[in-house]
Amino acid sequence: MDFSYTDEQQMLLDTARRFVGERYPFEYRQRVRDSAEGWSRETWLRLADLGLLALNVPESEGGLGAGPIETMLVCNALGEGLLLEPYVGSAVVATSVIAELGSPHQRQRWLPHLASGEVVALLAHDEPDSGDDFARVQTRARREGEHWRLDGRKSQVYHAPAANLLLVSARTEDDVLAVFAVPTNVPGVHLAAQKTVDDQCAANVHLDGAQVEADARLGADAQGALRNALDAGLAALCADAFGAMDKAFATTVDYCRSRTQFGAPIGTFQSLQHRMADMLMRLEEARAMSYLAASACSHSDLAERRAALAAAKALMGQCARHIGQQAIQLHGGMGMTDELAISHYFKRLIAFEFRNGSTDQHLRDYRKQLRAA
Amino acid sequence: MDFSYTDEQQMLLDTARRFVGERYPFEYRQRVRDSAEGWSRETWLRLADLGLLALNVPESEGGLGAGPIETMLVCNALGEGLLLEPYVGSAVVATSVIAELGSPHQRQRWLPHLASGEVVALLAHDEPDSGDDFARVQTRARREGEHWRLDGRKSQVYHAPAANLLLVSARTEDDVLAVFAVPTNVPGVHLAAQKTVDDQCAANVHLDGAQVEADARLGADAQGALRNALDAGLAALCADAFGAMDKAFATTVDYCRSRTQFGAPIGTFQSLQHRMADMLMRLEEARAMSYLAASACSHSDLAERRAALAAAKALMGQCARHIGQQAIQLHGGMGMTDELAISHYFKRLIAFEFRNGSTDQHLRDYRKQLRAA
Amino acid sequence: MNLNFDSQQLAFRDELRAFLRDHLPADIRTRMRDGDHSHIREDISDWQKILHRQGWGAPAWPKEFGGPGWSKPQQYIFDVECALADAPEQLAFGLKMVGPVIMRYGNAEQQQRFLPRIVAADDWWCQGYSEPGSGSDLASLRTRAERAGNDYIVNGQKVWNTLGQFANWIFCLVRTGNGGKPQQGISFLLIDMRTPGVKVQPTRLLDGGFEVNEIWFENVRVPMGNLIGEENRGWTYAKFLLGHERSNVAGIGAIKRELLRLKQIAARTQGETASLLHDPIFATRIAQVEIELRALEIISLRAMFEAERNSAPGPEASILKTRGTEIRQRISELQIDALGEAALTIAPRIDDDTPRAMLDYLNLRKLSIFGGSNEIQRNIIAQRILGL
Amino acid sequence: MNLNFDSQQLAFRDELRAFLRDHLPADIRTRMRDGDHSHIREDISDWQKILHRQGWGAPAWPKEFGGPGWSKPQQYIFDVECALADAPEQLAFGLKMVGPVIMRYGNAEQQQRFLPRIVAADDWWCQGYSEPGSGSDLASLRTRAERAGNDYIVNGQKVWNTLGQFANWIFCLVRTGNGGKPQQGISFLLIDMRTPGVKVQPTRLLDGGFEVNEIWFENVRVPMGNLIGEENRGWTYAKFLLGHERSNVAGIGAIKRELLRLKQIAARTQGETASLLHDPIFATRIAQVEIELRALEIISLRAMFEAERNSAPGPEASILKTRGTEIRQRISELQIDALGEAALTIAPRIDDDTPRAMLDYLNLRKLSIFGGSNEIQRNIIAQRILGL
């Protein structure tokens, strides 16, 4: 049992925090938000320069080969900074998929470019009808000579408009779950972009006879690697959300300390003090669960891992709602405006509640594995 | 739409309240509680003298022939007084069963004695396996010459040890739901008394070949009358609970006004003020739902009636828990003692939560009849 | 005691329903249903004019000032039916706020000048109460009006002026006196927004919409004839207004409409084993809020009954405001919960409810903040009802 | 960062489990499991003696005073395993409260006189803090100790003395000085309860049980040698004690035990379509509380880790106390909810859990009241952690 960070971990956190503080202050973030793309390639390359995009790239491909704790710390900082760039999707999930599934050749082909920021890759996995079974994939991959032909639909791929590479899950003719590296400029790949509540972009992806080379298939049976990558991504998303909650709470306490009504800072009113005490308790719960997610997401016992992640996401979703709503309420009218950062933390936390399985879904998953002893 | 009481209704409420204030103060109530019987026949006869036991006796049998609103008002007052006597069970439910099902002869035989207090009658209906269907009765009634023979088990009949007459529901050989008037001293009737959390007595009733005369059967098919009586009883129980909540809340506000800590009455602390504001809102909800229960319990549209009663009992159960718990909390250590009335209100409200269908059961019943439009 | 409307009231309700079916324009109804505020100015104005032609432009006003002379239950029924029919909400600032103040405290000239134009939708009023430093603590306001001949010169800033970007008149609390308690020295002033020196700046809200404004007054010249009642007695009029603003404050009609919408979303959304409307867990949440709504409706009717029998609405309005907003916010939460991940998409439109549900959720956070935050309401309940 | 115990710690846990299996007497375990307090005095004493024989009588004490020299994680594991095994809770008043004060502030004579008797269960201590007029506001206490030669003469009344009816010693806060802030002039005094003038009266609680007492002091003569530290500095010692009292304050072990009991009740109770453990609605409530417990356990471990690395437990203990009691109370609620109407019967016994569940529910209301109410804890969190 050890709750300390190694020196390297602490340095990583400091690096990411310093980046946010110096290069990604709220005003800059809002300019990125208002830009046509909605994200910043300049920022992306800065993250690459800092080595943060190489975090989950194995050392064999020149990366840092770091683990879930390091990812958690970086994502904490990026959540604090309300980062608009696809860090979790590309630098955690997609990177993990290629690192685990790819042949040496494929790894060499993609991972250095992911680390350098030239390639933004995203996993396109969920489908409109996938329901609760993550392995239920209806997208089909058919071998046609030297190519694979992909047909299907993928839903709400976060950040998809920013990607130049999609990792598409599909079932082959012998019903194996496989993953294909699909450049977004391949004919037959169509993106229907959507704006989301947290000022990000998602897209439904339509694959209508999209053709990729034989070598585009990553590994053989992808089910285990997909589960691993999705779980690593879930833990990273939890860390991002914890960063946002932490900052939303601190901002709220500061506001209540400085905002004066009836001749006193509103933070001196007992009912608001107790409200903030409740928020702090939820924040500590969220921190604990973010630790749990990072600690469990690579656990080899799949049942235990899934239960821990379900517990973490469900409770953190509830904490996110509580802290977000109370942060707005305690900011009063100012919390309703687009101008202050607080409403943007609120909206990021709403997105967290529903992404990668909603609070209700994870609570249900946890409930279903309850045993009497 | 009219929220006023008639003069007669107001007089009835005043009468019942005056009785509680003068004849049933808390100290007296506690002496009754500590007595061997756990209820007071003296009090019962006083209620008879005031005409309150005749409230639901039809005018044709010399009663007041009053309705659910009058019953509500009387039960409000009796709940305020933490009455230990079986008013709802005998003077509302059992009286209604006999009034609706009985032949003129049977009505004449029992109702005047119920009104005078000589007979305490209770409906023994629920069974260990009755589940959700109130008409599911496994107690059997077999005709044997000039008698009926009853066999079965009835569970948790509140106040049963105080009764000298049980109204036992049973299925006849042709599977009709019937009700029989069974004096408790008939051989084959066994009561297993239990103490309940609210200092009352309940009993499981075992009928092992209990024999009653042919004339003991009340009416023919009893299903409708049972439903009506149980619903009248449910509304009356809600009214009793509202009386208890009302008093528990008022007592708590008074306590917070007088109890001083840190040099000020604790009622001046904002967090406690807001807590009491919440309690008041729950109290007003409970009042509204008690009105709804009284207004709907004799409604001819059974689906609408059942939905309204389910709504009322479910929400009032929640209000009862909230107000009861907060009342104890705000009384601090004093709330934990047997000495003050507040813990007895708390315990009466707990019993309310679970009697005549728990909060969860009624919420489920309400949920099942939800429609989209 | 009887919780139900009588047959006359039910007939009145049927009459309203027929009227709404026949006279509420389909395009307005559709925009309101979809949460489309692109024509909100015209939609509110047009609907007000339609009501005015019917003689129903000011449902709560006495006949002498152009009202229909309805009883409180009739006004309540009107409110509920309009909301259920997706009619635009009538603008409260003229009808429910400054109008009653002018009736009660304005002089005859002011009454003749302003009241008919409110009912006819000729004027669009907004409210000038809050300031950057005074939100909950209204009495600390600092906008000043100084006498200059027969005029006041007004300087200061107001915030949170709902729909003020469309307004041509604003009623303001301004400071005309010094010293004493902060409530003293406040006056109630009507200001023509086309006067030089008035500047309006819409505020972008978290849902991307523009519904509140900041308004600056820089040496704005206001005739003394625009003062309501006596100078320095504005706090009295403001308090009267706050009481008046809060009839049917629970907003039962809109809550019922949104509950219906929630049930429709739930009915067409697949849950674990059945639609969410029949999913044990989700349906229980709907049942819970529907039951709470039933209670709130009875509480509202009772408050209305007591108000009609006795006097002006009392602090009980704080209960209605608090519970009404809590339930409305809860329903909004359940709408996004029912939609799940689909709720995150706010543009482009996926179907009728999805984008609206999330934007509503964001926007309705205001309910527990504006109009006296729910914390202030609980203070009022504790102090004025419970005497703590 | 690593949330799991290491192999040594797990081996320690296994050793404890074996010890508990072999040495906790079956009759004591049964009575504790059934909530049967008829022999509580003997059960606590006997178990303490068994632990003492093993050298584990004072798990948190340093070796020099008779402790086993365990690390904080070992103490934590001991706490949890004992609770899970239905062992009687060790008496906190000697071990966790007055003991540490004597170690820190007592003189050598006091240490030699009192400490060994605590570990050996020769003395039974109770706490004399609260008074009728001073509950949350402890500093307003009025019990007085006046000097008379080499003695103090004590007069006053204490309340809420848990298990004081079995105690032969009480540690008291008494007023020895006047003036200044109320925290000044308070002394920390040890009183032999067999001294003439001490009267103990058990208080009947709402669950019918007698676990707290009122204690009166009428001219009770106490030797000055029973004063801890300096006169008038008792508030300092009391604050130290409050901090110390709160190691493993979340009570994780007891919560886990009761959660297990809840699941067992749920598993054998029929719900709508399956047992309550598999009923979507009820199982969700269990899942919720189990998840909250998982979080609380990590928070506890982290607080312990930080405390071991840094210093004494800080105000974070207020978080553990608040959440621990909330979750424990919630599980108790769920137990009676699972039992339904059967929970109402408290006597005679129907089966193992039914009467106990309701009596626990009543009794555990105290958790959010005693030991610093949860309102006080929230004040502490806001003021000392958040600096508001």
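Just so you know, these numbers use all the heavy atoms, side chains as well, and skip hydrogens, waters and symmetry mates. Reminder, nothing fancy here: chain letters follow the sequence lines and each chain counts from 1.
- When each of A:Gln318, A:Lys368, A:Met281 is checked for heavy-atom pairs under 4.5 Å with chain D, A:Met281 comes out on top.
- Put simply, of D:Ile381, D:Ile291, D:Ile298, the one with the most heavy-atom pairs under 4.5 Å next to chain A is D:Ile291.
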| task | Using the side chain to side chain donor-acceptor pair (under 3.5 Å) rule, take A:Gln270 and D:Asn379 through it: C-alpha gap first, then chi angles, then the decisive distance, then the call. | result | CA-CA 8 Å; A:Gln270 193 189 31; D:Asn379 285 348; 3.2 Å; yes
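- Of the two parts of A:Arg287, only the side chain, counted from C-beta on, holds a non-hydrogen atom closer than 4.5 Å to a non-hydrogen atom of chain D.
- With a 4.5 angstrom heavy-atom cutoff, A:Tyr5 touches chain D only via side-chain atoms.
- In this structure, the portion of A:Phe249 lying under 4.5 Å from any heavy atom of chain D is its side chain and not its backbone.
- For chain D, the nearby parts of A:Leu292 are the backbone and the side chain; heavy atoms of each come within less than 4.5 Å.
- Contacts of A:Ser4 with chain D are made by both backbone and side-chain atoms, with heavy-atom separations under 4.5 Å.
- Counting only heavy atoms from C-beta outward, the side chains of D:Glu290 and A:Leu370 approach each other to under 4.5 Å.
- Ranked by heavy-atom pairs under 4.5 Å with chain A, the first of D:Gln9, D:Glu292, D:Arg302 is D:Arg302.
- Atom CD of D:Gln8 is surrounded by 12 or fewer heavy atoms from other residues, nucleotides or ligands within 6.0 Å.
- A salt bridge does not link A:Glu284 with D:Arg323: none of the charged nitrogens is closer than 4.0 Å to a carboxylate oxygen.
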